[in-house]
Amino acid sequence: MATPSSHSSKAGTKGVPRQHRRRQMLEAATEEFGTHGYAAASLPAIAARVGVTKTLLHQYFGTKEDLYVACLVPVGDRLLDTIRAAMGEGEGGAAPHTPLRVLHSIFTALEGQREAWFVLYDTTLPPGGEAARRASAYWSAIDRLAAGGTAELLRSAGSTDPLDADALKYVWRDLVATLVRWWVKHPEQTPEAMTRRCARLFAAAATLTPDGHLD
C-alpha cells in the first residue's frame, strides 16, 4: 500500500459547515484506505484524523464499506475522465494520443492525493460486496480503454495480431501500476518530472533489440 502522506491533520469540526466537514472526512478516509488497504483501515483512525467521533463518521457515511465507496467513486470517475480526455486529444486534427500523454494525465489527476490510486486498486476488498462490485466496474472500464489504446498503438506500428494487443494490454496495466507505486515513494517528483522520466525510460527501452541487448 501507499506510504503515509504528510498532510494528515486533526482539523476539528466545531462550527464547520456540513459539506466542508464531509469533505474533510472523505480526504482522511481516502488517505487511510489508500495507505493501509480496506481490510486494515481503521474507522477510529479516520475519525481521529479529522477530530470527530467514530459515531459521527457513521452518521455521515454509514458502514465502513459505504465510506469506502464514497471515497472510491470520485477517484474512479476522475481517473476515467482524465484517461478518456487524454486519449481523445487526437480528435479534430490535434496530435494523436500517446502513452506519455495518458501517463501524464494519471499523474496529474492523482497529484495531491497519490494514495487514491490504492483506493481504486485495493486487493483487500471483501468479495461479493458493493465495494468490490464498484471497484471491478472501474477496473473493467479502464481495461477497455487500455485495450483500445494498446491495439491502436500496435496498428500504428504495423501489427494487427490480437494476441500482441492482449499481451501489450497486460504489460501496460502492470507498467502503470508500477510507475505509480514508484512515484508514491518519491513525493518530490512532480507529474511533469515523472512524465519526462517515463519518456527517457521508453526511449531507452526502444533501443532494445529482439535478443534483449542494447544496440
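FYI, the numbering just counts along the sequence from 1.
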Taking the inter-plane angle between the rings of Y121 and W117 on a 0 to 90° scale, is it parallel (under 30°), tilted (30 to 60°) or perpendicular (over 60°)?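 Geometry flag for W117 against Y121: tilted rings.
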Is the ring pair Y38/F33 parallel, tilted or perpendicular, if the boundaries are 30 and 60 degrees?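 Because their plane-to-plane angle is under 30°, the rings of Y38 and F33 count as parallel.
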[X] and [Y]: which non-hydrogen atoms are nearest, and at how many Å?
{"X": "M25", "Y": "I46", "result": "O-CG2, 4.2 Å"}
{"X": "S159", "Y": "D164", "result": "OG-OD2, 3.0 Å"}
{"X": "F118", "Y": "G34", "result": "CB-O, 3.4 Å"}
{"X": "V75", "Y": "A116", "result": "CG1-O, 3.5 Å"}

Would you call [X] and [Y] a side-chain contact if the rule is heavy atoms closer than 4.5 Å?
{"X": "L179", "Y": "W182", "result": "no"}
{"X": "V180", "Y": "R114", "result": "no"}
{"X": "R197", "Y": "F202", "result": "no"}
{"X": "E32", "Y": "S42", "result": "yes"}
{"X": "R173", "Y": "D143", "result": "yes"}
{"X": "T108", "Y": "T82", "result": "no"}
{"X": "L80", "Y": "L145", "result": "yes"}
{"X": "L120", "Y": "I142", "result": "yes"}

As an exercise, state the distance from CG of D161 to CZ of R155, rounded to the nearest 0.5 Å.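 D161 CG to R155 CZ: 12.5 Å, rounded to 0.5 Å.
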Would you say the side-chain atoms of [X] pair up with the backbone N or O of [Y], donor to acceptor, closer than 3.5 Å?
{"X": "D66", "Y": "T63", "result": "yes"}
{"X": "S156", "Y": "L153", "result": "yes"}
{"X": "T150", "Y": "A147", "result": "yes"}
{"X": "K64", "Y": "A41", "result": "yes"}
{"X": "S136", "Y": "A132", "result": "no"}
{"X": "E65", "Y": "A131", "result": "yes"}
{"X": "H58", "Y": "G62", "result": "yes"}

Taking everything shown except Y170 itself, do over 12 heavy atoms lie less than 6.0 Å from its OH?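 Not more than 12 within 6.0 Å, no.
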Does any donor atom in the side chain of D122 or T124 lie under 3.5 Å from an acceptor atom in the other side chain?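 There is such a pair between these side chains.
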Strictly by modelled atom types, are H104 and R101 linked by a side-chain donor-acceptor pair under 3.5 Å?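 Side-chain D/A pair, H104 to R101: absent.
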Quick one: ring-ring contact (aromatic ring centres under 6.0 Å, His included) partners of F61, sequence neighbours excluded?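 Applying ring-ring contact (aromatic ring centres under 6.0 Å, His included) to F61 gives none.
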Contact list for residues 71-81, test side chain to side chain donor-acceptor pair (under 3.5 Å), sequence neighbours left out: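 For residues 71-81: D77-Y138.
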Are [Y] and [X] connected in a single hydrophobic cluster, I mean Ile/Leu/Val/Met/Phe/Trp/Tyr linked by side-chain heavy atoms less than 4.5 Å apart?
{"X": "L125", "Y": "L26", "result": "yes"}
{"X": "V176", "Y": "L168", "result": "no"}
{"X": "W139", "Y": "W172", "result": "yes"}
{"X": "I106", "Y": "V73", "result": "yes"}

Evaluate the salt bridge (charged side-chain N to carboxylate O under 4.0 Å, His left out) criterion for residues R134 and E130: first the C-alpha distance (whole Å), next the side-chain angles of each, then the deciding distance (0.1 Å), finally the verdict. CA-CA 6 Å; R134 297 292 284 271; E130 175 67 6; 3.1 Å; yes
